[in-house]
Novice: 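Below is one structure. I have some questions about it.
All values below were derived from every heavy atom in this structure, side-chain atoms included, with hydrogens, water molecules and symmetry-related copies excluded. Whatever order the structure lists ligands and atoms in, that order sets their numbers, starting from 1.
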Amino acid sequence: VEASIPEPQREAWKRNQITSFTDKDGFEKEVVRHVETTLARSMFNCDEIAAYSATSLAFRDRLITHWNRTQQRQTYRDTKRVYYLSLEFLMGRALDNAMLNVGLKNVAQDGLAELGFRIEDVVKQEHDAALGNGGLGRLAACFLDSLATLNFPAWGYGLRYRYGIFKQEIIDGYQVEVPDYWLDFNPWEFPRHDVTVDIQFFGQVNKKTVGGKTISVWEAGEIVQAVAYDVPIPGYDTPTTNNLRLWSSKASGGEFDFQKFNSGDYESSVADQQRAETISAVLYPNDNLERGKELRLKQQYFWVAASLYDIVRRFKKSRRSWNEFPDQVAIQLNDTHPTLAIVELQRILVDIEGLEWDNAWEIVTSTFGYTNHTVLPEALEKWPVGLVQHLLPRHLQIIYDINLFFLQSVEKAFPDDRDMLRRVSIIEESQPKMVRMAFLAIVGSHKVNGVAELHSDLIKTTIFKDFVEIYGPDKFTNVTNGITPRRWLHQANPRLSELIASKCGGNDFLKDLTLLNQLEKHVEDKQFRKEWAEIKYANKVRLAKHIKDTTGVVVNPASLFDVQVKRIHEYKRQQLNIFGVIHRYLSLKAMTPDQRKKQLPRVSIFGGKAAPGYWMAKQIIHLINSVGAVVNKDEDIGDLLKVIFLEDYNVSKAEMICPASDISEHISTAGTEASGTSNMKFVLNGGLIIGTCDGANIEITREIGESNIFLFGNLSEDVEDLRHAHTYGSHTIDSDLDKVFNEIEKGTFGTPHDFSAMIAAVRQHGDYYLVSDDFHSYIETHQLVDEAYRNQDEWIAKCITSVSRMGFFTSDRCINEYAEEIWNVEPLAVDRHSIWGP
Ligand code: GLS
């Protein structure tokens, strides 16, 4: 590599190598330089936003030198890379994370102070990068952090949405959606106007004979340009800085516009441009729900085609043979959204590179892994055959061929099971016919994984049962989700992180979370417990201030803080929670003042967005706010109960909320929440949880012990029978829940009609989510929570014990499992100074 550059030039480059700041003075110099030259401001008009921008640019410069070195090193060593394809990356804020991962937050804090700024205020200027809906997108972000921290050569590929998830406002108790235009100034991205790919859509497929061979040629009807934007991803305490490449759509400067323009059709050429830019304009705001919109399919193909072009281009530089592709490239499909990548790679290999079908297919299936994130039927992607045919005619042909060969092999293996072919066909023979994306993803991948043990078992016995028979059980595996302790402990809860470090021999636990187990021997230490409790209290004071500032409601930080923050969904059962709150309210109202004095004060805190088209979820938000409006001003009740709905829940708010929770709610109907990841965040921050036997709650219980978690409710194996009984037997509603419904119907919380559908879902429509079945044990378990909380000493002991046993839930463990079991990749450490080392 080096030898290709003449000696004198090489010397000149080396002589002028950039040196990054390492101390306060160096940092200040960089900030002042950016304020004055990049931002064209001065000390006289440097506000907090300018200070944020300049600080970010100073850190970005640092990251970029490391980023360059990482990329050069990986290219030089020509190792296998991982590509994580995700339509969502819920990154949150970057500056605080960069400062901590680089290990220079103290330097920045002192430097900013000297320049007249408080670092907390500066950090808060940053707009969240909210390119995701919920857990699925945040998981992708945690994985990027772990991949870099563990020195894996890895890239993320996604879309650069102009509008991320909408901003939620609560007006008169209702959710109102406001667009999230976040790109005004984003110092964390590098536009790569030189890295572009032309993506084609529509058109037709023609057969051509080239050298005696017939090939399919896809003639495009429309071409859109993909432009790369790169976001550096710093690892913690390592120079490795990986890349997240986000594609933005732009009208192609090709012949189509040009022709129109020349013929005087100016307006329509502008319309073309707008149509092109629409592709990456907005994130679809649905979590666990697919709506089958044409633009969404366009987004998927646009992103997948650009990413594969990029990956193939990089591979080709190494001049290896195609059979080595899977030795150099592992591609992970984050849910079925990128499944077209399987078809696209087959197309590239067969139509463009001229490989034989079987040879190409072997390469394709060895390259891909597929992660399933849900069993909910409404979330499983299916695309009408007609739509795929129209938008991607050649891809539909390839899908049909993949299906044909697959079904032939199934027929051979199961000659007596004719119905099997219908069940497993990638094409569903419905009206209209549909392409089943999950089946395509399974057939085109070498490994399929679920995201928690129960979930991985469920997919094998329900939605993918036939495929386990066809391929055998080894193709299916489990990788239980995890979270990055850097963001979710060190950054979100700096004081707790510091206290833990003082008992665990320094900060190494942030890289090896199992070291938390050293805390357990300090559980009995009175002073330690006291400091622990003080930190929790301070975090609650901070949240109480936020509640006061944003809702006007004053809450007492000495109350038990009971938190449920996540997307609003019937399966997550915020309705169960608010019905429980009403039950508590009614019980308090029925007490004498003396009895009330003995009750434990509680604040029920909710937060989360409803998909704009999800009417029932919006009704749930409205009920929560309506209950709050009544309870919070009821003088009989005072501090004994407050009900808060926090507006616009997002990553940066989660960083404030998780450390302030005493008990958090993870109460999905058993078998519906694939994993959940906020359950891990809350426990890691020294809160306890109440939950059902669902998703990762089960493994959390296994790790921290049954006595440290409040479990309740029916088990997943009983759900089907209960549902059946509701529909075909007599269905009696829990009597306490009935009282709650009656109170709502009396108008205590506003117009009863507003909430009649929620009640009818339980009483009349079969109670699909088993709210009534679980109500009694939910209420009882909350009573146990109250009792346990009264004994603060034991409560704190439970919290510390739980944290000490949370080592398993780091996303570093997940990434190591993926690397070993699915990707077959090795880490590659980057030298801080040279890329050319061994
Ligand atoms: C989800 C699941 O609903 C969550 O349980 C899971 O933790 C997350 C990450 O695996 O994926 N699937 C989905 O569509 N949205 C999610 O958050």
Novice: Is ligand 1 under 4.0 Å from a heavy atom in the side chain of Asn481, in the backbone, in both, or in neither?
Specialist: side chain
Novice: Tell me which one of Trp823, Tyr818, Phe89 satisfies ring pair (Phe, Tyr, Trp, His ring centres under 6.0 Å) with Phe143.
Specialist: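 Option passing the ring pair (Phe, Tyr, Trp, His ring centres under 6.0 Å) with Phe143: Tyr818.
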Novice: Report yes if some heavy atom in the side chain of Leu646 is under 4.5 Å from a heavy atom in the side chain of Ile605; otherwise report no.
Specialist: yes
Novice: Is a salt bridge present between Asp648 and Lys653, judged by a nitrogen-to-oxygen distance below 4.0 Å?
Specialist: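 The answer is yes: the pair qualifies as a salt bridge.
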Novice: Which ligand 1 atoms does Tyr571 reach within 4.0 Å, using its non-hydrogen atoms?
Specialist: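 Reading through ligand 1 atom by atom, the close ones are 3 (O).
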Novice: With respect to His373, determine whether any N or O atom, backbone or side chain, lies less than 3.5 Å from an N or O atom of ligand 1.
Specialist: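 For ligand 1, there is an N or O atom that lies under 3.5 Å from one belonging to His373.
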Novice: So is there a nitrogen or oxygen of Leu136 less than 3.5 Å from a nitrogen or oxygen in ligand 1?
Specialist: yes
Novice: Please determine if Gly134 has a nitrogen or oxygen closer than 3.5 Å to a nitrogen or oxygen of ligand 1.
Specialist: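 Not met; the criterion fails.
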Novice: Short question: side chain of Lys475, backbone of Ser445 - any donor-acceptor pair under 3.5 Å?
Specialist: yes
Novice: For Asn288, counting its heavy atoms only, list the atoms of ligand 1 lying under 4.0 Å from any of them.
Specialist: 3 (O), 12 (N), 13 (C), 14 (O), 15 (N), 16 (C)
Novice: Just heavy atoms, cut-off under 4.0 Å: does Asp287 contact ligand 1 by side chain, backbone, both, or neither?
Specialist: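 The answer is the side chain of Asp287.
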Novice: Within the structure, does Glu673 bring an N/O atom to less than 3.5 angstrom of an N/O atom in ligand 1?
Specialist: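 Among all N and O atoms of Glu673, at least one is under 3.5 Å from an N or O of ligand 1.
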Novice: Determine the minimum heavy-atom distance between Thr480 and Arg813, stating which atoms define it.
Specialist: O-NH1, 2.8 Å
Novice: Indicate, as side chain, backbone, both or neither, the part of Val451 found under 4.0 angstrom from ligand 1 when only non-hydrogen atoms are considered.
Specialist: side chain
Novice: Using atom types as modelled, flag every donor-acceptor pair under 3.5 Å from a side chain in residues 283-294 to any protein atom, sequence neighbours excluded.
Specialist:
unit_1	atom_1	unit_2	atom_2	d
Asn288	OD1	Thr374	OG1	2.8
Asn288	ND2	Tyr571	OH	3.1
Glu290	OE2	Arg296	NH2	2.8

Novice: Output yes when Asp180 and Arg162 qualify as a salt bridge under the 4.0 Å nitrogen-oxygen rule, no when they do not.
Specialist: no
Novice: Check if Gly676 has a non-hydrogen atom at a distance under 4.0 Å from any atom of ligand 1.
Specialist: yes
